[in-house]
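Okay, so here's the structure we're looking at.
Just so it is clear, the structure is predicted and the values come from calculations on it, not from any experiment. We name chains A, B, ... by the order of the sequence lines, and we start the count at 1 in each one.
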There are 2 protein chains.
Amino acid sequence: MELVLSFTEENYLKEIYHLFQESNTPVSTNAIAEVMNTKAASVTDMIKKLSAKGVVSYQKYHGVKISDKGQKAALQVIRKHRLWEAFLVDKLKFNWDEVHDVAEQLEHIKSPLLIKRLDEFLGHPKYDPHGDPIPDENGEFKAKPQAPLSTVENGAEGVVVSVKDASASFLQYVDKMGIYIGAKIRVIEKVEFDGSLEILIDNKRTVFISKEVSENIWITE
Amino acid sequence: MELVLSFTEENYLKEIYHLFQESNTPVSTNAIAEVMNTKAASVTDMIKKLSAKGVVSYQKYHGVKISDKGQKAALQVIRKHRLWEAFLVDKLKFNWDEVHDVAEQLEHIKSPLLIKRLDEFLGHPKYDPHGDPIPDENGEFKAKPQAPLSTVENGAEGVVVSVKDASASFLQYVDKMGIYIGAKIRVIEKVEFDGSLEILIDNKRTVFISKEVSENIWITE
DNA sequence: TTTCATTTTTAGACTAATCTAAAAATAGAA
DNA sequence: TTCTATTTTTAGATTAGTCTAAAAATGAAA
Ligand SMILES: [Mn+2]
Ligand SMILES: [Mn+2]
Ligand SMILES: [Mn+2]
Ligand SMILES: [Mn+2]
């Protein structure tokens, strides 16, 4: 009765976990197709397989919910992804924009001993290079209280805690702006019209960022 | 025109490389089936694919030879396998009998930067935990001159350079006998009847090993 | 409460990797 | 040189994951 998921099943489950976390309501077939870069028909097939394995519950035409069993499995994949990202940055001197694609591969390596030892080798890190929390062996984690820059008030101040887009293009842009995990940000002005922001970084540099960018940079409350 | 091999194609090619090295004659379908734990019919199918990609040359009914292109590709997989084994032992404190299965997975991770950095992180190791040489980025490597214990004369002496079986059961047995890479071995007596050996390890301990075991332990000449 | 745009599922095909069973080719013994 | 045991290939299925096109269900507007 041991749960074994394929490479592909793990990827679907991980995305379903994230989507379910965001809304706490059943996840639609189309939403999954979107993030997985596949077609709705493929998603329907996969959902049936995941449902048969008990990691999601599925009501035809009404989307999927992740089960406790599925949640546990998803969190172990996420744990591996983030531990590997930490390894790549801390030990192999990768930049934070170079790690995601490699971690997408490494997260599927099956070896409990490897993850245990990697975690020890890294000193049990609590956060990955993007500020995301690393679940422990039981799937437990604690995210720092945080809010997207896009929702804070004029004049508000905080420290960058995490970034929510791991794409190389986004992270390289963030680098160029002088923004990093731990940077001190003050919102100078929020433009009503388009939601763009003028911000002061580390009391030194003023930059303008779009609403879209500000939604992906989260600071302490 | 860039060569892309699937996970499975890489595994076939690696084994074809090893088999071709051993004999320097065309490798038979059955020989491949044996080491790949598949059936001859599956091998024939795969050989056609590898041939279409130019990594092997194939004469129907007369076996396959690996091409230069194939050799290069195989050596890069072998390089990754051995680098990961070195990482697991040197950094994550794995025993030498615990690394092979994990390395079988890790060797397929696609990221030139990862391998470059891993190699640097490990200090450009020349040999893996089993004494096998690690090819460099150009596929070049130098194995130490060595011969299997089974072929040396009575009274011969040497230092263990490598072991040729990476299975956990073999390596654990080798451990128990007190044999390791670097151990000094003297052949006390070779039994004509079954080829078994009585050997002295590090001038301290005398043990008996079968012919089969002695074929997998290689010492300096 | 009916209509219809949108979403979801089904049907049928395709590719990669595998299998079994049968046919074909090879090579060594007679 | 012929026979035949063995090896190899082909034929036809199967499974996982994907697709397109068509059918079915949903739900919100009229
Ligand atoms: Mn990531
Ligand atoms: Mn991350
Ligand atoms: Mn190995
Ligand atoms: Mn090895």
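Residue B:H62 places no side-chain N or O under 4.0 Å from the OP1 or OP2 atom of C:dA25. Applying the 4.0 Å criterion to OP1 and OP2 of C:dT6, one finds that A:N30 has every side-chain N and O outside that range.
Salt bridge B:K126/B:D136: absent, no basic N to carboxylate O contact under 4.0 Å. B:D132 and B:K164 are joined by a salt bridge, as a carboxylate oxygen and a charged side-chain nitrogen come within less than 4.0 angstrom of each other. Taking the charged nitrogens against the carboxylate oxygens, B:E9 and B:K49 have no contact shorter than 4.0 Å, which rules out a salt bridge. Ionic pairing of B:E10 and B:K14 is not present here: no N-O contact between side-chain nitrogen and carboxylate oxygen is shorter than 4.0 angstrom.
Aromatic ring centroids of A:H100 and A:H130 lie 6.0 Å or more apart. No close placement of the A:F7 and B:F7 rings is indicated, their centers lying 6.0 Å or farther apart.
Within residues 7-25 of chain B, the residues that place at least one heavy atom under 4.0 Å from DNA chain C are, in residue-number order, B:T8, B:Y12. A heavy-atom distance below 4.0 Å to DNA chain C is reached by these residues of residues 36-60 of chain A, ordered by number: A:A40, A:A41, A:T44, A:K48, A:Y58, A:K60.
Closest to the side chain of B:Y61, from the set C:dA27, D:dT9, C:dA17, is D:dT9.
When only modelled atom types and interatomic distance are considered, A:N30 and A:S28 share no side-chain donor-acceptor pair under 3.5 Å. No side-chain donor-acceptor contact under 3.5 Å links B:E22 and B:H18.
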